[in-house]
Amino acid sequence: MSSENAAIPGDLRTKIISEPEVILEDRDLMRALIAANEKIMGGNIVDLRGIAMERLESRLERLEETHRHVIAAAYENLAGTNMIHRAVLKMLDPTGFEDFLKNLNTEISDILRLDALRLVLESQVANEDPAARGLGDTLLVVDPGFVEAYLTQGRNVPVRQVTLRQVQPESDMIYGERSDWIRSEACLRLDFGKGRLPGMLVLGAEDPHQFKPTQGTDLLTFFAGVFERAMRRWLA
């Protein structure tokens, strides 16, 4: 017995005996010990402990990966919530409609990390309102029916309040000269109340993956609801 123990230095042997979990928690070391044990037993004996350990390691790796994804998703959701809250507070600051529009294309656009932002309003006199034409690149006044046509792209599909997608070829009217490099968009349909034509807030991004159909829309739905209520002040 003493000759077997002599192969391990005394201080190391004492540490292993006092803290065996050090070995148990080391995957590479445990794998080497099991391989050595299997070698001693010979090839005709199947050690189920090694098989079980491999399966447990595989399950542990999958659990760790899932854990990382859950944490990343939770962090992303928290960051997105904070971003929307900041944008909403900033949206409530202006006291005039012109300042409201300028704020959209500057501070709010920066907070939401957008490369383009456009407010689309339907009007019976889309081409006859000089006041609308003087409000810069943020506001686009269009004919009735434009919003639904842009959202559905001529398909017979329900119109959702929030549509996330890659930019469509027909987006020149929305983005103008920026349409060459805008790659994804979030379209927020706006309801201004009974008797009023609808509108749309279009958020554009150069990153083709910033807005994808697989993403959740709860935060943008909330943002659209607040935006509708803010706009009703100016439309009253």
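- Closest non-hydrogen pair, Leu190 versus Leu201, comes out as CD1-N, 3.9 Å.
- The side chain to side chain donor-acceptor pair (under 3.5 Å) search around Asn105 returns Thr138, not counting sequence neighbours.
- For Ala116, the side-chain contact (heavy atoms from CB on, under 4.5 Å) criterion is met by Tyr175, Arg178, Ile182, not counting sequence neighbours.
- Between Glu185 and Val202, the closest heavy-atom pair is OE1-CG1, 3.7 Å.
- Residues Ile174 and Val120 come closest through the heavy atom pair CD1-CG2, 3.8 Å.
- For Glu107, the side chain to side chain donor-acceptor pair (under 3.5 Å) criterion is met by Lys90, not counting sequence neighbours.
- Scanning all heavy atoms of the two residues, the minimum distance from Gly216 to Leu164 falls at O-CD1, 4.2 Å.
- The CG atom of Leu140 sits 8.5 Å away from atom CG of Leu119, with the distance rounded to the nearest 0.5 Å.
- Closest heavy-atom contact between Gln161 and Gly225: NE2-N, 4.3 Å.
- Under the ring-ring contact (aromatic ring centres under 6.0 Å, His included) criterion, no residue pair touches residues 176-214, with sequence neighbours excluded.
- Here Thr163 pairs with Leu151, Arg160, Arg165, Cys187 under the side-chain contact (heavy atoms from CB on, under 4.5 Å) rule; sequence neighbours left out.
- Residues forming a ring-ring contact (aromatic ring centres under 6.0 Å, His included) with Phe227 (at least two apart in sequence, or on another chain): Phe100.
- Residues passing the side-chain contact (heavy atoms from CB on, under 4.5 Å) test with Thr106 are Asn103, sequence neighbours excluded.
- Every residue was checked against the side-chain contact (heavy atoms from CB on, under 4.5 Å) condition with Ala149, not counting sequence neighbours, and none meets it.
- Smallest separation of non-hydrogen atoms from Gly80 and Leu219: C-CD1, 3.5 Å.
- The side-chain heavy atoms of Tyr150 and Val142, taken from C-beta on, include no pair separated by under 4.5 Å.
- Applying the salt bridge (Lys or Arg N to Asp or Glu O under 4.0 Å) rule to Lys212 yields no partners; only residues at least two apart in sequence or on another chain are considered.
- Within the 4.5 Å cutoff, the side chain of Val162 has no heavy atoms near those of the Asp218 side chain.
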